[in-house]
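The basis for the numbers below is simple: all heavy atoms, side chains too, and nothing from hydrogens, waters or symmetry mates. If you're wondering where the values come from, they're calculated on a predicted model, not measured in any experiment. Order of the sequence lines sets the chain letters (A, B, ...), proteins ahead of strands, with each chain counted from 1.
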There are 2 protein chains.
Amino acid sequence: MPEKLTPMIQSFILHFGEMGSRWGINRTVGQMYALLVLSKEPLCADDITEALGISRSNVSMGLKELISWELVKLQHRPGERKEFYSAPGDVWDIAKTLIEQRRKREIDPTLSTLRNLLIETPANDEEAYAQQRMREMHELIEMLTLWTQEIQRLDSAQLGKLLKLGNSIGKVLDMKDRLLGSSKKESTK
Amino acid sequence: MPEKLTPMIQSFILHFGEMGSRWGINRTVGQMYALLVLSKEPLCADDITEALGISRSNVSMGLKELISWELVKLQHRPGERKEFYSAPGDVWDIAKTLIEQRRKREIDPTLSTLRNLLIETPANDEEAYAQQRMREMHELIEMLTLWTQEIQRLDSAQLGKLLKLGNSIGKVLDMKDRLLGSSKKESTK
DNA sequence: CTGAATTTTCAGTATATTCTGAAATTACAG
DNA sequence: CTGTAATTTCAGAATATACTGAAAATTCAG
C-alpha cells in the first residue's frame, strides 16, 4: 500500500504494525507510530495517509489514540493551520512512556481489583485458597512494578552506561544477594 | 454465565479475562486460566465448560493454547480416561513462563528483524537516520531483555526475600551508580 | 467576521476474531 | 480387539474490531 517508502523502512513499519497488534494498539496505529519514529521531521496527517495508504479519517483516529498514550507530540508551524506530529527522539523516553501507560491502564486496575477481593472474608475453604493465590499475585505484581519504576527513573545516559558495561546485572544481583544474606550459593553462571 | 462460582471468584475470573484480552491471549482463554489458577485441584474440560458456561469445543481449543504457552500441565488419574489440567502452584513460576514465552514470540523476532535491517547499507540520508533509530531500539531491547533474564534466574524464595526487604532496589541502583561513576547526583528520594 | 483549509465524527461496511454444534478422531477399560 | 467415553477438528454463525466516505465541526489567515 505505501507509496514512496523504501523497502527497508517498509519492513520496519510492517513488523511494528504486527507487534503493535499483539499489544493493546492495533496494527494500523502501530504502523503510524513506526513511521513517526523513523522520520526526522514531524509529519502531518496527510503525509501519514499517503505513506500508509489508509484513509484520512483512520489517521485522525489513530493520532488521537497515540496522543492519549502520550506517545506523540503535536506541533504547529508559524503561519500554518496544519498540525504536525512527532515521536520523541529518544528511544528510552518512548519505552518509559509505554511502560508508564501500560501500568496505568492495566497494572493499577488489576492491583485495585485484587485488593478489593482480598479484604473480603473467605466464605469457605475454596475461597480461602483462592485468596491465598490472589495475595501472592498481588505481592508479586507490586514488587515487579516497584522494580520497573526504579529502572524508569534512570535517564537515557545512565542507561547507556549500564548497557556498555554489558551484563553486569548478574553482579548487581549477587551484591543484592550478599546484602540479603542469601542462602543459596550460586555464582553468576 | 458461570454457575456455581462465588462472586469473589467470579470477579477475579472476569477481570483476568479482560486483562488476558489486552495481551495476546483472548478473553475466554484468560478466564479459563484464571479459573485453573484459583482451583486447588486439577480440573477436567467439562468442569471448565460448566463453570464458565462456554462450549466444550471452545474449552478444548483454549486448553490447547494454554498448553502451547506451557502455562498448563496435563495430568491423568489412574484408571480414568479423562484428562485433568492444572496451573503451576507458584505465581512466580507462572510469571516466568509468561515472560519467557512473550520473549520467544515477540522480542526475539523483533530483534531478528532489526538486525536484518541494520546490516543493509543505507541508500540515503533518510535511511541512515532510520537505521540510527533502529540501532538505538535494538540496543535498548537487548538490554532490557538481559535484565529480565537475570531476574528470571531468581527462584521464588529469593524473590520473596527481595519483596520483604521493601523497595531497596533504589539502594542497589545507587550502588550500581557509584560503581559506574555516575555524574548525576540524585539520591533515592 | 468570513470562508477556505483542516480536522473530527460517525453510521455503515468490511474485515477479523471468537464461538458453536456436529461429525470425526482418539484413547483406553474391559 | 471392541465399544464407549472422551477429545479434537472445522465449517459456518455470531460477535467484535477496524476502516471508510461523507458530512459536520473547528480553526485561523486574511
Residues 15-27 of chain A side chain polar contacts: donor-acceptor under 3.5 Å, at least two apart:
unit_1 : atom_1 : unit_2 : atom_2 : d
A/H15  : ND1    : B/T113 : OG1    : 3.2
A/H15  : NE2    : B/T110 : OG1    : 2.9
A/S21  : OG     : A/E18  : O      : 2.7
A/W23  : NE1    : B/E106 : OE1    : 3.2
A/N26  : OD1    : A/T28  : N      : 2.9
A/N26  : OD1    : A/V29  : N      : 3.1

* Structure fact -> Closest heavy-atom pair, A/Q31 versus A/L14, reported as atoms and distance to 0.1 Å, is NE2-CD2, 3.8 Å
Ignoring hydrogens and angles, write down the donor-acceptor pairs under 3.5 Å from the side chains of residues 37-47 of chain B, residues two or more places apart or on other chains.
unit_1 : atom_1 : unit_2 : atom_2 : d
B/S39  : OG     : B/E41  : O      : 3.1
B/D47  : OD2    : B/C44  : N      : 3.0

* What pairs meet the side chain to side chain donor-acceptor pair (under 3.5 Å) rule with one or both residues in residues 87-97 of chain A, with sequence neighbours excluded? -> A/D90-A/S156
Collect all protein-nucleotide pairs involving nucleotides 26-30 of chain C in which both atoms are nitrogen or oxygen and the distance is under 3.5 Å.
unit_1 : atom_1 : unit_2 : atom_2 : d
C/dT26 : O2     : B/R81  : NH2    : 3.1
C/dA27 : O4'    : B/R81  : NH2    : 3.3
C/dA27 : N3     : B/R81  : NH1    : 3.2

* To do: Check whether any side-chain heavy atom of A/I107 lies under 4.5 Å from a side-chain heavy atom of A/R102, and answer yes or no.
  => no
* Asked: Taking five pairs at each end of the helix from C/dC1-D/dG30 to C/dG30-D/dC1, what angle separates the two helix axes (nearest 10°)?
  -> 30°
Polar atom pairs (N or O), protein with nucleotides 14-21 of chain C, under 3.5 Å:
unit_1 : atom_1 : unit_2 : atom_2 : d
C/dC19 : OP1    : B/T28  : OG1    : 2.3
C/dC19 : OP2    : B/T28  : OG1    : 3.0
C/dC19 : O5'    : B/N58  : ND2    : 3.3
C/dT20 : OP2    : B/S55  : N      : 2.8
C/dT20 : OP2    : B/S55  : OG     : 3.0
C/dT20 : OP2    : B/N58  : ND2    : 3.2
C/dG21 : N7     : B/S57  : OG     : 3.2
C/dG21 : O6     : B/S57  : OG     : 2.8

* Asked: Does any donor atom in the side chain of A/S86 or A/Q75 lie under 3.5 Å from an acceptor atom in the other side chain?
  -> yes
* **Whether over 12 other heavy atoms sit under 6.0 Å from A/N124 CG** => yes
* Between atom CD of A/Q101 and atom NZ of A/K104, what is the distance when rounded to the nearest 0.5 Å? -> 5.0 Å
* Structure fact -> Checking A/Q132, A/M137, A/H138, A/R133 against A/R135 for side chain to side chain contact (heavy atoms under 4.5 Å, CB included), the one that qualifies is A/Q132
* Are side-chain heavy atoms of A/M32 and A/E65 found at a separation under 4.5 Å? -> no
